[in-house]
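Heads up: the structure comes next, in structure tokens.
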Number of protein chains: 2
Amino acid sequence: MAQATIRDVADYAGVSRATVSRVLNNHPYVTEDVRTRVEDAMRHLGYHPNRAARRLRAQSSDVMGLIVPDIQNPLFQSIVRGVEDAAYNNGMNVILCNTDDNPDKQEAYLRVMQAEQSAGLIVVPTHPGDGRVLAPVREAGIPIVFLDREVDDFEADTVKVDNVRGAYLAVRHLLSLGYKRIAAIAGTQYLTPGYERLRGYYDALNECGIPVDERLVKFGNFRIDSGRALAQEFMQSPHPPDALFVSNNLMTLGALRGLHEMGIVIPDQVALVGFDDMPWAGDLNPPLTAVAQPGYELGQQAVELLLKRLEQPNAPYRKVIMQPRLVVRGSCGAA
Amino acid sequence: MAQATIRDVADYAGVSRATVSRVLNNHPYVTEDVRTRVEDAMRHLGYHPNRAARRLRAQSSDVMGLIVPDIQNPLFQSIVRGVEDAAYNNGMNVILCNTDDNPDKQEAYLRVMQAEQSAGLIVVPTHPGDGRVLAPVREAGIPIVFLDREVDDFEADTVKVDNVRGAYLAVRHLLSLGYKRIAAIAGTQYLTPGYERLRGYYDALNECGIPVDERLVKFGNFRIDSGRALAQEFMQSPHPPDALFVSNNLMTLGALRGLHEMGIVIPDQVALVGFDDMPWAGDLNPPLTAVAQPGYELGQQAVELLLKRLEQPNAPYRKVIMQPRLVVRGSCGAA
DNA sequence: TTGAAAGCGCTAACAA
DNA sequence: TTGTTAGCGCTTTCAA
């Protein structure tokens, strides 16, 4: 059985194709009688409008693209769920693209999205220089919303968390517990979360009048391995820190693993606070104190921005900053 | 700037639209000269072929649908990655749909996929009765590959793990360590993994001549909460088990949490083995012994089956069973 | 309130 | 080797 077309429905119902189209699109000026006849025909034939045709004709679509670096990262999972639910509630569908933080892959997906006539894009960009590839997409009429990270010289609607404050909360908490030598495992500095979280770390120290010791800051790449390596470097140094602030979830997991490998007891020998909470953070050994980002809500908010933009293409750009929350568990020595 | 069309390219290059199309599709019989002229024009105009039009014309697409119950479940994450990578390598794109194990949501997504003229579907069905909604999709010419779960009265290409053997391995391991009263937290019995894993549990007991004690089997729903509740029920019973076999990752996480809440020490007071490994299973407290499914490979295999099916629509259905692996860590008392 | 007809961007059969 | 032409399924004037 081949797919039924609008013509089949029209023939079956004894009306014109235009009328079927009107029923499909809830136009006024269709008699109740005709409407039911057409609807019966659709049901009978198992008709589904062909989206390719619709899109071709309407020059628009009900698909939005969501471009994220890593779907295995719990933060992006929550975000994806938030985006999907919000899109679903607004009758739109989501195409999920995973870039692995690889600009080439991102570019390929952008091409796909453009060719698909996607209605809009929610993007966690791989690099601040991505404006070069993003600009043509926007010029082709596809609006872009940034999530979590920003891009140089490219204004756009943006949703992110207050990274500075999140890091500040974490480090303040450690200070309030009496830790003196708090080390930071910082993330990729060219990415928004990377430098903002480091700034929060500095802010907290400054506020308490603690001089910054540059040997207590090391830079990783937001992945598991670098967390592990840097935590071990810190603990093997002649004068190791008494607490560790780690700038994202994966590096925190790595640090945890690295410390375990060295037989270091947390928080007795070193306290640990991570950025990004995870559903199972309380089941880790020890339960992890972490700065929680509202991932689901970030995703929802991004969809809202996109929908607003679709309605009002020329409205001024909005930037929404959401507040993170410190979740205190055992790894900082307070619980 | 509006999207450039094939006509613009043709005009710019001074050739016909058909020729541009030929260049686009790598047809033979295009002179090198013309080809380069057309390619220059495309580059110059920033041309991307319109997929809606292509699809409308070709009556086929390069998009495959992937329908999974829960993208926050680490197993499905690995699967998604496997599917995406394999699809990507074959020039196809993946639309990811999250059903929450909700048949209505699944049905909605099936409608979308059908209307999108998706080339094929990889489905983790929500229910054995899903054949009713799946059959019309397949009849409309969209092949379906099952992943992880099967559906009644609906033959199709299928990829899954050897659940019986996985569970068997886990329970055998516990038996070999000397545990006598091994309880099972079983999963939803109408789902393939649910009953197969329970069978593996029975098989292992039978093989060792251990009589089955029905009080040592409780049924959950594969979610966190039921794992927590059932673990606690077991441990509060007058004659608690000395080991726990839990049928999936989420319930294992729940059991872990429940046991912690009761102050029970694992594995000293009760050993724990879960089905499904997780990237951070070694960082849990205690490190978790688990049956590892090759999620990534399952995903890749599913894509292969789908591509084969696309080539040969009438070939006999294939069922691929992949082997799981027991990863021994601390929670079973062996490491 | 409905129908006829044109055309969205692309591909493929046929002709040249 | 290239161009002409018809048409994929749908929406939208315009006319009736």
Side-chain angles (χ1 to χ4, degrees), chain A residues 1-39 41-42 45-63 111-112 114-119 140-141, chain B residues 1-39 41-42 45-63 111-112 114-119 140-141:
Chain A
M1 172 187 125
Q3 187 65 279
T5 75
I6 201 172
R7 162 173 238 131
D8 301 324
V9 176
D11 291 353
Y12 190 91
V15 298
S16 76
R17 285 177 267 164
T19 302
V20 176
S21 174
R22 288 195 189 95
V23 172
L24 224 45
N25 296 285
N26 288 314
H27 269 263
Y29 304 133
V30 182
T31 44
E32 207 40 53
D33 171 47
V34 171
R35 181 181 300 277
T36 52
R37 229 169 53 230
V38 170
E39 279 166 352
M42 295 204 234
L45 298 168
Y47 170 77
H48 298 279
N50 178 320
R51 298 204 166 200
R54 236 177 183 184
R55 201 175 298 170
L56 176 57
R57 178 65 229 224
Q59 303 290 37
S60 82
S61 84
D62 57 357
V63 168
R111 238 193 308 275
V112 171
Q114 187 171 348
E116 285 281 356
Q117 317 249 98
S118 141
Chain B
M1 172 187 125
Q3 190 61 282
T5 77
I6 200 172
R7 163 174 238 130
D8 300 325
V9 177
D11 290 354
Y12 191 92
V15 298
S16 77
R17 285 177 268 165
T19 301
V20 176
S21 175
R22 288 194 189 96
V23 172
L24 225 42
N25 296 284
N26 288 314
H27 269 263
Y29 305 133
V30 182
T31 44
E32 207 40 52
D33 171 47
V34 171
R35 180 180 301 278
T36 51
R37 230 170 52 232
V38 170
E39 280 167 352
M42 296 204 233
L45 298 168
Y47 169 76
H48 299 281
N50 178 323
R51 296 203 169 202
R54 247 183 174 177
R55 200 174 301 171
L56 176 57
R57 177 65 230 223
Q59 303 290 34
S60 83
S61 83
D62 58 357
V63 169
R111 239 194 308 277
V112 171
Q114 189 172 347
E116 285 282 356
Q117 316 250 99
S118 139

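Here is the naming used below: chain letters follow the sequence lines, and residue numbers restart at 1 for every chain.
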With sequence neighbours left out, what residues match Arg37(A) under side-chain hydrogen bond (donor to acceptor under 3.5 Å, both in side chains)?
Asp33(A)

With a 4.5 Å heavy-atom cut-off, do Val38(A) and Tyr12(A) have their side chains touching?
no

Hey, is the side chain of Tyr29(B) poking within less than 4.0 Å of OP1 or OP2 on dA16(C), counting only N and O atoms?
no

Determine the contact category for Ser21(A): base if any of its heavy atoms lies under 4.0 Å from a base atom, sugar-phosphate if only primed atoms, P, OP1 or OP2 are that close, otherwise nothing.
base

Once you round to the nearest 0.5 Å, how far does CD of Gln114(A) lie from CG of Asn50(B)?
10.5 Å

With sugar-phosphate meaning primed atoms plus P, OP1 and OP2, does Pro28(B) contact a base, only sugar-phosphate, or nothing at under 4.0 Å between heavy atoms?
nothing

Side-chain contact test, heavy atoms from C-beta onward, threshold under 4.5 Å: evaluate it for Asn26(B) versus Arg35(B) and give yes or no.
yes

Contact check, side chains of Pro49(B) and Ile6(B), non-hydrogen atoms, under 4.5 Å:
no

Provide, to the nearest angstrom, the distance between the CD1 atom belonging to Ile6(B) and the P atom belonging to dG7(C).
18 Å

Which residues pass the side-chain hydrogen bond (donor to acceptor under 3.5 Å, both in side chains) test with Ser16(B), not counting sequence neighbours?
Thr19(B)

The reported gap from OG in Ser21(A) to CZ in Arg54(A) (rounded to nearest 0.5 angstrom) is 7.5 Å

When you measure only distances, ignoring hydrogens and angles, does the side chain of Arg55(A) come within 3.5 Å of the base of dG9(C) through a donor and an acceptor?
no

So does Arg57(B) get a side-chain nitrogen or oxygen closer than 4.0 Å to the phosphate oxygens (OP1/OP2) of dG9(C)?
no

Side-chain heavy-atom pair Asp8(B), Met42(B) within 4.5 angstrom cut-off
no

Arg54(B) CZ to dG9(C) C1', in whole Å, measures 11 Å

When all nucleic acid strands are considered with a 4.0 Å heavy-atom cut-off, which category describes Val20(B): base, sugar-phosphate, or nothing?
nothing

Can you give me the closest heavy-atom contact between Tyr47(B) and Leu24(B), atom names plus distance?
OH-CD2, 3.6 Å

Report yes if the side chains of Glu39(B) and Val34(B) come closer than 4.5 Å at any heavy-atom pair, otherwise no.
no

Nearest heavy-atom pair of Leu56(A) and Ala52(B): which atoms, and what distance?
N-CB, 3.9 Å

Taking atom C1' of dT11(C) as reference, at what distance in whole Å does atom NE2 of His27(B) sit?
8 Å

Below 4.0 Å from chain A heavy atoms, what is the first contacting nucleotide of DNA chain D and what is the last?
dG9(D) to dT13(D)

List the residues meeting side-chain contact (heavy atoms from CB on, under 4.5 Å) with Val63(B), not counting sequence neighbours, and say none if there are none.
Glu116(A), Arg55(B), Ser61(B), Asn93(B), Ile95(B)

With axes from five pairs an end, tell me the bend angle of the helix from dT1(C)-dA16(D) to dA16(C)-dT1(D), nearest 10°.
40°

The residue, Arg22(B) or Ala53(B), whose nearest nucleotide of DNA chain D is more 5′ is Arg22(B)

Compare side-chain N and O positions of Thr31(A) against OP1 and OP2 of dT1(C) and report whether any pair is under 4.0 Å apart.
no

From the set dG9(C), dC10(C), dA12(C), return the single nucleotide nearest to any side-chain atom of Ala18(B).
dA12(C)

What residues 7-17 of chain A contributes to the DNA chain D interface at heavy-atom separation below 4.0 Å is Arg17(A)

